[in-house]
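Following: one structure in structure tokens, then a few remarks.
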Protein chains: 2
Amino acid sequence: MTSVEEPARPNGRIRDAARTKAEILDVATKEFARSGFAGARVDEIAARTRTTKRMIYYYFGGKEQLFTAVLERAYSVIRQAEQELDVEHLDPVAAIRRLAEVTFDHHERHPDFIRLVSIENIHEAEHIAASEKLGRIGSPALDVIRRILESGQRSGLFTADVDAVDLHAMISSFCFFRVSNRHTFGALFGRDLVAPDLREHYRKMLGDMVIAYLTADRATD
Amino acid sequence: MTSVEEPARPNGRIRDAARTKAEILDVATKEFARSGFAGARVDEIAARTRTTKRMIYYYFGGKEQLFTAVLERAYSVIRQAEQELDVEHLDPVAAIRRLAEVTFDHHERHPDFIRLVSIENIHEAEHIAASEKLGRIGSPALDVIRRILESGQRSGLFTADVDAVDLHAMISSFCFFRVSNRHTFGALFGRDLVAPDLREHYRKMLGDMVIAYLTADRATD
DNA sequence: TCACTAATGTACGAACTAGTACGTTAGTAA
DNA sequence: TTACTAACGTACTAGTTCGTACATTAGTGA
């Protein structure tokens, strides 16, 4: 997250559109992630910034658009991480495992993002649909998966009947669920999926699972 | 004014505590699932029943407790389904596959339940924590998994290092994500994970994945 | 320096929303 | 029948909550 530091001007108000906007987005991200869309309070978001509610409406137009802007920025962060993915020099098995690990790590490090996505799903992705920006950008990760998969299938290492989007769904589901459903799962089954001492265990489990699936002999049936 | 208006039920109110309570729960389930906890409106819930808001407070005490009651009933349904699971006569591989399929089917058939669980996770499972009932009941599915796993490991069919809770998490994550994240996933990657014509594909994919993981040769590393 | 505009602050209101005070009626036990 | 109580309805309120009308100031180009 872009944190905004400032050498506190005495008492006159400072004018810095970029900073004000970024600060609103920072605070709004936390508030929406914490309370959901309906549960978040515009007044509360304003109170936690150094500016006023008026500015939220000035820059974003309303609560709904603010949430969309929050989502747009949150997704741009994950796109960034995916773009920095550098696995093409690895052999297919190692590359897939690495990709899974990076996805795993990113989900763990951004619980607020996970919550925002959960919330957006409750709202049936209506903000994504309303966003020009989010509609356009594809997923760099998908391209990477496609290439690894192709290479792995060509060399006969991987079974042929797998598609990039499906594999992405498989990896994401495990990483996402572990964070998003941590609370109910913990309360019902007495296991904290995000406990630090289980981190390596689940990271390995994900890799094992994906590789097992990709290299399995699908002879039966 | 003698109304000879007919059907045995003139317009006098009917008294049926059980029916009223159940009707409130039905409507509240839909409302909470649709709008989240904060987004759901008590007035709206009341309006959709044949009774009034007063009754919600009379029977449940408040919005918070109503949500808890909704959760309790929703979980009791899935427990029921798990209890009816009959796979012990199958060989371990078939039993696990069957278990995965039943889980898959149940998630698909109860999207409202998925949404409620997502919402409860946003609230960090505070209602589950506050519920006597939900704390006590374990998961029949877990017991089943434990037994199948044990049998499969004893016979050397399954690799030894898997635990029932983890396997349950693995299966659930795929089933849950497919429904819970269907909207954002669809909007971003252009694939509807719950499209009817992909149902069999994903059902098989889940089984293949789990079996591949359980029977994989974990020799490497 | 002067005018102009982007950026900001203050105060307020209309609509909504959870919850309740109070009254009424249907069923039932004596 | 009568008395009692669980079940129900109406009308209201106190407190929120999103949004805006209006006023003000800092920076900037002429």
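Chain letters run A, B, ... following the sequence lines, proteins first and then strands; every chain starts at 1.
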Check: Ion pair present between B/Arg50 and B/Asp16, side-chain N to carboxylate O less than 4.0 angstrom?
Finding: no
Write down the distance between [atom1] ([X]) and [atom2] ([N]), rounded to a whole number of angstrom.
X	N	atom1	atom2	answer
A/Glu31	D/dC18	CD	P	11 Å
B/Ile24	D/dC8	CD1	C1'	11 Å
A/Met55	D/dA26	CE	P	14 Å
A/Tyr58	D/dC22	OH	C1'	15 Å
B/Arg19	D/dC8	CZ	C1'	11 Å
A/Phe60	D/dC18	CZ	P	16 Å
B/Glu23	D/dC8	CD	C1'	13 Å
B/Asp16	D/dC8	CG	C1'	12 Å

Checklist line | Point-to-point distance, once rounded to the nearest 0.5 Å, from OH of B/Tyr213 to CE of B/Met170 | finding: 5.0 Å
Next item on the list: Starting at CG of B/Asp163, measure out to CG of B/Leu149 and round the result to the nearest 0.5 Å.
Entry: 8.0 Å
Please tabulate, one pair per line, each protein N/O and nucleotide N/O from nucleotides 18-20 of chain C that are separated by under 3.5 Å, including the distance.
unit_1	atom_1	unit_2	atom_2	d
C/dA18	OP1	B/Ala40	O	3.4
C/dA18	OP1	B/Lys63	NZ	3.2
C/dA18	OP2	B/Val42	N	3.1
C/dA18	N7	B/Lys53	NZ	3.4
C/dG19	OP2	B/Tyr57	OH	3.0
C/dG19	OP2	B/Lys63	N	3.2
C/dG19	N7	B/Lys53	NZ	2.8
C/dG19	O6	B/Lys53	NZ	2.5

Hey, does the side chain of [X] come within less than 4.0 Å of [N]'s phosphate (OP1/OP2), counting only N and O?
X	N	result
B/Thr52	D/dC8	no
A/Tyr59	C/dA6	no
A/Thr51	C/dA7	no

Note to self: For B/Ser180 and A/Asn121: C-alpha separation, side-chain torsions, deciding distance, then whether side chain to side chain donor-acceptor pair (under 3.5 Å) applies.
What the structure shows: CA-CA 7 Å; B/Ser180 72; A/Asn121 272 291; 6.0 Å; no
Check: Would you call A/Val87 and A/Ile96 a side-chain contact if the rule is heavy atoms closer than 4.5 Å?
Finding: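 Of all side-chain heavy-atom pairs linking A/Ile96 with A/Val87, none is under 4.5 Å.
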Next item on the list: With the side chain counted from C-beta on, respond yes when A/Arg178 and A/Phe185 share a heavy-atom pair under 4.5 Å apart, and no when they do not.
Entry: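 SC-SC contact between A/Arg178 and A/Phe185 ruled out.
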Checklist line | Atom CZ of A/Arg203: over 12 foreign heavy atoms under 6.0 Å | finding: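 Above 12, so yes.
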